[in-house]
Amino acid sequence: MRKLASGTYTYLLLGLRSLRKIMQIVREEMDAAGAQEIDMPFVQPMELWEQTGRRTDYGETLGWFTDRHGRQNVLAPTAEEVVTNLVANEVSSYKQLPLNLYQIKMKYRDEYRPRFGALRSREFIMKDAYSFDATPEGLDATYEKMYAAYCRIFTRCGLRYVVVEAQSGEIGGSGSQEFMIPCESGEDIIVHTEDGAYAANIEKAEVDPPKNSAERQAGDAVPAMEEVYTPNVGSIEAVCEFLGTKPQKMIKTLIHATENGVVVALVRGDHEVNEAKIKSVLGGAAVEMADEATIEKLTGAKVGFAGPQGLSDKVAKLVIDYAVAAMACGVTGANKTDYHVKNLVPGRDFPLEGKNVIVADIRNAVEGDTHGGKKLTFSRGIEVGHVFKLGTKYSEKLDAKFLDEQGGQKPCIMGCYGIGINRILASAIEADNDENGLILPVSIAPFEVEVIPLNNDKAEVRSAADSMYNELRASGTDVLLDDRDARPGVKFKDADLIGIPVRVVVGERGLKEGLVEIKRRTDEKAANVPLSEAVGTVRDILGEMKQALEA
RNA sequence: CGGGGCGUAGCUCAGUUUGGCUAGAGCGCUGCGUUUGGGACGCAGAGGCCGGAGGUUCAAAUCCUCUCGCCCCGACCA
């Protein structure tokens, strides 16, 4: 793999061979799961993206250009629009459903910041599948099939994976799961209970409300709230330092704009608000941070001095995190520039109930939180696959409807399923390697076995190696012959570096006794095997390795 | 887009602070010879618009301005 520019790479022979093997496995499992392979355009009309609103949703990550006719074209990052448009034109009856279409193709995302080589590149190969069902039960069945196919794909690629609950986005309530490869260099945070019964992306991980109300009751004795002068001290850290308190004692008052009006969210000073959670608490309306003008108008103070007291009547919703509701008292903004208040008591100084007040889980999980009473731990992973029940978002907007048994018009119920082909290779490399290089599973290694003739100039060595190579090839084994005129050490190091699972060494010394050496990449020492049995032994070893990946 | 860093031989980098000899090293590459079971050795060589443009100066890889590219951190993410 060689870099051309930031986030764009040329794959050379070895990398490409691995990618092809991964694609083949994916293809076989998709076909077996009843999906049909198609090929959709990489360049797509912008109008389609405007119809579904994703031009805005994708924002800057969407790559596009204007052609000579002045038309705008999207460089496809996914293909929901195109496939839904296709189905809208082709499907008119429930008898044509269910339908499951997939493609394995280059995608483009204009990433804010491509990083970690193939893990997050601008161009990448993705298998994307889209299913269309007539009923929710049908979608469930398709989803299950795809889920099972994904498990087989990652197992066959020799990867240890975990499945986590993921944020399901706009269509609340329907399922979404990510397949993650646990690994230090991963970009995603996985949250799971110690027994592994619950695992989720940090975006999604649900947190138990605190159990003890003891602290709350202690709050009854707190004196009335009091304003303090905090000139030019806006941030949490600055206020803590100024007032000699801790972030855990602070209440962050975050003002959000939604299509239904202004929403104020409260989280503890040491917690991070999770907008996706607010969104689902509010029933799916888009949520974003309010701009300065909105905040100043609402609070009458500059940004950084907002507080919940007296605001509940002025906003559409007041959303309070469980952890804030459980606080005895806290420090927050005074709704007055350069002032904060202390001794603010939840329930006394601002409401914890009422028609526009919601107490819920609206923050990211942190160390020490629990789920279902079990402690949550954190680890990193690489997202290699995502299965997602989409519902009717796209089929409604793009008019993919069919007539059901009663003759009624219904939108198709969709699911979508992605696999990052490059990421599978990248995670296999990250997951297993040593100081000598890669250790690749036989199913995705560029070659299964490498034959190394040590003394190329010796005719008998050369001919023994050649005939082994030819025999292995003839028997359908993926074999590489290193016939370079190089020193032995160079060949050994290279074979190790590129992760070839099995290595056969043909040397003058061994050949005198009719022996060659066979060594797995993971073996300490090589085994001597009679030349006549070598091909059979190699095939047995490969057979075992492949067997292990089917289990 | 914000913050930081780096652009000198194919690669990794020194030299830049304090302007001054013919711009260097290791690895790689070419030729010849000796070697040959875990990245050999000797000898001889090739290889540079010091990222680009402009400026200061007797003199610029070195100082100034602008620009382009790359890396790292952050913000974003169906």
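Quantities reported herein were computed from a predicted structural model and do not represent experimental measurements. Every chain is numbered from 1, with letters handed out A, B, ... down the list of sequences.
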> Send over the distance from K127(A) NZ to rA78(B) P, rounded to a whole Å.
19 Å

> Considering every strand and a 4.0 Å limit on heavy-atom distances, what is the contact class for G510(A): base, sugar-phosphate, or nothing?
base

> What is the pairing partner of rG74(B), taking Watson-Crick or G-U wobble pairs with both distances under 3.5 Å in any strand?
rC1(B)

> Take atom CE of M414(A) and atom C1' of rA78(B), then tell me their distance rounded to the nearest Å.
12 Å

> Does NZ or CZ of R17(A) lie under 6.0 Å from the centre of the six-membered ring of F447(A), at an angle within 45° of the ring axis?
yes

> Work out how far the C1' atom of rG24(B) is from that of rU65(B), and round it to whole angstrom.
30 Å

> Classify the side chain of R484(A) and the base of rG39(B) as holding, or not holding, a donor-acceptor pair under 3.5 Å.
no

> Between rG33(B) and rG15(B), how many Å separate the two C1' atoms, rounded to a whole number?
36 Å

> Could you give the distance separating rA59(B) and rG7(B) at their C1' atoms, to the nearest angstrom?
24 Å

> Show me, pair by pair, the donor-acceptor contacts under 3.5 angstrom made by side chains of residues 492-510 of chain A, not counting sequence neighbours?
from    : atom 1 : to      : atom 2 : distance (Å)
D494(A) : OD2    : R484(A) : NH1    : 3.1
D494(A) : OD2    : R484(A) : NH2    : 2.9

> Across all strands, who's sitting opposite rC41(B) as a Watson-Crick or G-U wobble pair, both distances under 3.5 Å?
rG33(B)

> Look at the side chain of D494(A) and decide which nucleotide, out of rA78(B), rG38(B), rG39(B), has an atom nearest to it.
rG39(B)

> What's the gap between rA46(B) and rG26(B) when it is taken at their P atoms, as a whole Å value?
16 Å

> For residues 77-91 of chain A, please give each side-chain donor-acceptor pair under 3.5 Å, one per line with the distance, not counting sequence neighbours.
from   : atom 1 : to     : atom 2 : distance (Å)
T78(A) : OG1    : R54(A) : NH2    : 2.8
T78(A) : OG1    : E80(A) : OE1    : 2.5
E80(A) : OE1    : R54(A) : NH1    : 3.4
E80(A) : OE1    : R54(A) : NH2    : 2.8
E81(A) : OE1    : R54(A) : NH2    : 2.8
E81(A) : OE2    : T52(A) : OG1    : 2.6
E81(A) : OE2    : R54(A) : NE     : 2.8
T84(A) : OG1    : E80(A) : O      : 2.5
N89(A) : ND2    : N85(A) : O      : 3.2

> Would you call the rings of F179(A) and Y150(A) parallel, tilted or perpendicular, where under 30° means parallel and over 60° means perpendicular?
tilted

> Residues two or more places apart in sequence or in another chain: which of them pass salt bridge (Lys or Arg N to Asp or Glu O under 4.0 Å) with R55(A)?
E50(A)

> Sort out the partner of rC63(B) for me: Watson-Crick or G-U wobble, both distances under 3.5 Å, none otherwise.
rG55(B)

> Measuring only the P atom in each nucleotide, how far is rA23(B) from rG42(B)? A whole number of Å is fine.
27 Å

> Sequence neighbours excluded, which residues qualify as side chain to side chain contact (heavy atoms under 4.5 Å, CB included) partners of E206(A)?
Y198(A), K204(A), D361(A), H371(A)

> With both distances under 3.5 Å as the test, what is the Watson-Crick or G-U wobble partner of rU16(B)?
none

> Can you tell me the distance, in whole Å, between the CD atom of E178(A) and the C1' atom of rC77(B)?
11 Å

> By side-chain hydrogen bond (donor to acceptor under 3.5 Å, both in side chains), which residues pair with N73(A), not counting sequence neighbours?
D67(A)

> How far does the P atom of rU67(B) sit from the matching atom of rG20(B), given to the nearest Å?
28 Å

> Grab the CG-P distance between N436(A) and rG39(B) for me, whole Å please.
11 Å

> Hydrogens and angles aside, do N100(A) and Y102(A) bring a side-chain donor and acceptor to less than 3.5 Å of each other?
no

> Got a list of protein N/O to nucleotides 31-33 of chain B N/O distances below 3.5 Å?
none

> What pairs with K252(A) under side-chain hydrogen bond (donor to acceptor under 3.5 Å, both in side chains), at least two apart in sequence or on another chain?
none

> Between protein and nucleotides 34-36 of chain B, what N or O pairs are separated by less than 3.5 Å?
from    : atom 1 : to      : atom 2 : distance (Å)
rU35(B) : O2     : R487(A) : NH1    : 2.6

> Could you tell me the separation between the CD1 atom of I189(A) and the P atom of rC77(B), rounded to a whole number of Å?
16 Å

> In chain order, what residues pass the ring pair (Phe, Tyr, Trp, His ring centres under 6.0 Å) check against H271(A), with sequence neighbours excluded?
none

> May I have the distance from N201(A) (atom CG) to rA78(B) (atom P), rounded to whole angstrom?
10 Å

> Can you tell me if E396(A) and T392(A) form a side-chain donor-acceptor pair at under 3.5 Å?
yes

> Who pairs with E37(A) by salt bridge (Lys or Arg N to Asp or Glu O under 4.0 Å), at least two apart in sequence or on another chain?
R27(A)

> May I have the distance from D485(A) (atom CG) to rG39(B) (atom P), rounded to whole angstrom?
17 Å

> Considering only the P atoms, how many Å lie between rA9(B) and rU56(B), rounded to the nearest integer?
28 Å

> List for me each residue that meets side-chain hydrogen bond (donor to acceptor under 3.5 Å, both in side chains) alongside E29(A), sequence neighbours excluded, and say none if there are none.
R152(A), R156(A)

> In terms of side-chain heavy atoms of D496(A), which of rG38(B), rG39(B), rA78(B) is nearest?
rG38(B)

> For rC13(B) versus rU18(B), give the span between their P atoms, rounded off to a whole number of Å.
25 Å

> Has K397(A) got more than 12 heavy atoms of other residues, nucleotides or ligands less than 6.0 Å from its NZ?
yes

> Which listed nucleotide (rG38(B), rA78(B), rG39(B)) is nearest to the side chain of F388(A)?
rA78(B)

> Measure CG/D110(A) against C1'/rC77(B) and give the value in whole Å, please.
13 Å

> If the sugar-phosphate is the primed atoms plus P, OP1 and OP2 and the base is the rest, what is the B/S/- string for nucleotides 70-76 of chain B, using protein heavy atoms under 4.0 Å?
SS-BBBB

